[in-house]
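Some notes on the structure that comes next.
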Amino acid sequence: MCLAIPAKIIKIDGFIAEVDIEGNIKEVNITLTPEAKVGDYLLLHAGYAIQILDEKSANEIFEAWDDVYEAF
Amino acid sequence: MKHSNKKEYARYLLERLYQEIDRPLTVMEVCGTHTVAIAKSGLRDLLPEKMRLLSGPGCPVCVTDDCDLDYVMALARQEGIILATFGDMMRVPGTASSLLQEKSRGAEVRVVYSPADALKLATENRESQVVFLGVGFETTTPVVAAALDQAVQMELKNFSVFSLHKLVPPIMRVLLDDPQVKIDAFLNPGHVCAILGTEPFQFIAKDYGKPCVVAGFETTDILEALLLIVRQYREQSPAVDIQYKRAVRPEGNPVAVGFIEKYFSPITARWRGIGEVPGSGLELREEFAQYDARKRFPITLEPGKSRKGCACGEVLKGIKLPYDCPLFGKSCTPAKPVGPCMVSTEGSCAAYFRYRRQKAGVDH
């Protein structure tokens with residue numbers, strides 16, 4: 001039920017954003033993520049963005065783990 | 001990332017787990033999406049013997065009380081009401097019927113993907129009252145609150161919410177306080193924490209001394225989180241850690257939390273198989289009573305009888321595995337479910353039935 005999927009913002013008009021979900025274009029509501037801007041990746045749940053994804057942090061954790069790996 | 005692919009990385013993480021685990025650990029996830037991800041990946045068969053994974057009350061559909069559902073169905077039977085619901089709720093049994101059965105008997109029940117679709121239904125059907133069935137944890141509640149906010153701004157007179165929303169932290173406390181439930185650590189629900197952040201879960205580490213790690217939904221996410229738990233035990237430093245950093249920040253989404261708090265306030269809620277838990281549910285605040293379906297359409301119901309023999313309550317608390325229920329796979333199957341854990345695709349019993357039937361009796 002708490003499934004959420006990532007989508008990239010193409011266009012914003014007020015609280016509605018046009019997003020690309022793996023090639024499908026859809027309109028979603030961004031009331032809960034007012035700071036979202038074009039190019040951001042959103043986490044979508046039931047037609048609304050619930051968080052802006054942080055791709056940098058995603059990479060950081062892998063890099064940290066790789067350092068651990070190197071140590072062994 | 002120096003590992004050429006996820007498979008190799010998963011293998012590496014598994015090796016680390018085998019090398020580093022130094023005591024038996026029972027880890028519970030409290031998220032239906034984790035239940036499915038773990039069952040589908042086959043992880044239970046790959047993990048060290050010392051690591052046991054349990055599924056908790058993480059599926060909001062499964063924990064919806066049957067008497068609450070009886071109310072919803074009585075509402076759906078009323079003339080002039082359109083009941084809008086997420087599809088997951090259609091087959092969940094109340095004490096006597098389900099929304100699907102009510103629909104087949106002529107009730108106006110519509111499946112929607114988003115509460116925004118329910119708003120649209122209200123604007124298109126001004127002569128009817130549209131009631132949205134609000135089911136879900138903190139991931140879903142802000143979305144419903146945002147729709148309520150739109151309804152208020154649009155001054156919609158024919159839209160209301162029947163709130164069965166529930167909160168995750170209070171039920172985790174119930175599990176920790178139950179002497180029958182033995183849990184060493186939690187895999188925290190990724191998308192609930194995307195909203196709440198880590199603060200509401202600090203009590204688990206501080207008061208109970210148990211680690212919890214917010215995990216994503218890929219197999220490697222779950223393995224990373226399990227390894228973080230093992231390390232917290234080795235270092236004797238229980239904390240709330242975030243593995244799922246791409247979606248979860250320590251502060252969560254304060255805007256979304258603000259929407260929940262604006263429209264809802266905590267109440268005692270009934271959890272199927274668990275009972276009443278103070279402060280674990282949400283009702284609409286008094287100032288928004290005109291959007292509260294319970295207040296707009298009061299119904300007095302004779303309490304129905306819950307089904308006998310179903311062990312969903314113990315399964316939801318991790319006291320029993322789905323196979324331990326005498327009905328599992330016999331009179332209770334996804335095609336003909338008795339209990340809620342078999343109805344929802346994210347229920348523990350449905351996940352076990354789908355992915356682990358052949359393993360009955362050999363789970364560790």
Side-chain angles (χ1 to χ4, degrees), chain A residues 1-9 11-37 39-72, chain B residues 1-3 9 12-13 15-16 19 31-34 36 58-62 86 88 112-117 135-140 142-147 149-150 189-192 194-195 216-217 220-221 224 227 242-249 252-253 255-256 258-259 344-346:
Chain A
M1 176 125 192
C2 293
L3 197 64
I5 51 168
K8 189 180 182 178
I9 305 181
K11 205 165 83 183
I12 293 177
D13 182 8
F15 282 109
I16 300 296
E18 202 172 273
V19 297
D20 180 336
I21 311 167
E22 292 181 6
N24 295 311
I25 308 299
K26 202 176 165 354
E27 281 188 353
V28 299
N29 189 302
I30 53 167
T31 304
L32 303 172
T33 54
E35 70 280 29
K37 52 188 189 304
D40 282 348
Y41 279 87
L42 298 172
L43 195 58
L44 301 184
H45 175 70
Y48 289 70
I50 57 165
Q51 189 54 283
I52 300 166
L53 288 173
D54 182 349
E55 288 305 310
K56 189 169 155 281
S57 288
N59 293 333
E60 266 172 15
I61 191 156
F62 282 112
E63 280 162 21
W65 282 87
D66 280 343
D67 290 343
V68 174
Y69 184 60
E70 289 294 293
F72 288 99
Chain B
M1 184 170 160
K2 296 177 185 68
H3 305 276
Y9 186 50
Y12 158 71
L13 289 169
E15 279 169 20
R16 298 277 3 125
Q19 284 175 28
C31 171
T33 315
H34 277 146
V36 172
C59 161
V61 175
C62 303
F86 291 128
D88 321 38
V112 292
Y113 161 70
S114 166
D117 299 336
V135 169
F137 294 140
E138 291 89 337
T139 316
T140 313
V143 168
V144 177
D149 197 63
Q150 280 171 273
H191 295 140
V192 166
I195 302 294
F217 301 94
T220 47
D221 288 333
E224 280 186 357
L227 195 46
I242 305 174
Q243 177 280 329
Y244 192 28
K245 289 195 175 172
R246 58 193 183 273
V248 179
R249 312 193 203 336
N253 179 345
V255 175
F259 267 91
S344 163
T345 50
E346 294 197 340

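Within every chain, numbering begins at 1; the chains are lettered A, B, ... in the order of the sequence lines, protein sequences first and strands thereafter.
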**OP:** For ring pair (Phe, Tyr, Trp, His ring centres under 6.0 Å), just list the numbers for B/F217 and B/H191, CA-CA rounded to whole Å, side-chain angles, deciding distance to a tenth of an Å, and then say yes or no.
**Re:** CA-CA 10 Å; B/F217 301 94; B/H191 295 140; 4.7 Å; yes

**OP:** For A/A49 and A/L44, work out which heavy atoms get closest and say how close.
**Re:** CA-CD2, 3.9 Å

Original post:
Heavy-atom distance under 4.5 Å to chain B: side chain of A/P34, backbone, both or neither?
Top reply: side chain

Original post:
Of the listed residues (B/A146, B/P189, B/G252, B/G190), which shares the most heavy-atom pairs with chain A below a 4.5 Å separation?
Top reply: B/A146

Subject >> Portion of B/A145 that has a non-hydrogen atom of chain A nearer than 4.5 angstrom >> reply: neither

Original post:
Given that the side chain runs from C-beta out, which part of B/Y113 has a heavy atom under 4.5 Å from chain A: side chain, backbone, both or neither?
Top reply: both

Original post:
Given that the side chain runs from C-beta out, which part of A/L53 has a heavy atom under 4.5 Å from chain B: side chain, backbone, both or neither?
Top reply: both

Subject >> Top of B/G258, B/A256, B/A247 for chain A proximity - count of heavy-atom pairs under 4.5 angstrom >> reply: B/A247

**OP:** Before giving the answer on side-chain contact (heavy atoms from CB on, under 4.5 Å), spell out for A/N29 and A/I16 the whole-Å C-alpha distance, their side-chain angles and the decisive distance to 0.1 Å.
**Re:** CA-CA 5 Å; A/N29 189 302; A/I16 300 296; 4.3 Å; yes

**OP:** List the steps, then state whether side chain to side chain donor-acceptor pair (under 3.5 Å) holds for A/Q51 with A/T33.
**Re:** CA-CA 6 Å; A/Q51 189 54 283; A/T33 54; over 6 Å; no

Original post:
Highest number of heavy-atom pairs under 4.5 Å with chain A: which of B/V143, B/V255, B/D117?
Top reply: B/V143

**OP:** For the residue pair B/P142 and A/Y48, establish whether any side-chain heavy-atom pair is separated by less than 4.5 Å.
**Re:** no

Subject >> Heavy-atom pair with the smallest gap, counting every atom of B/S114 and A/A46 >> reply: OG-O, 2.7 Å

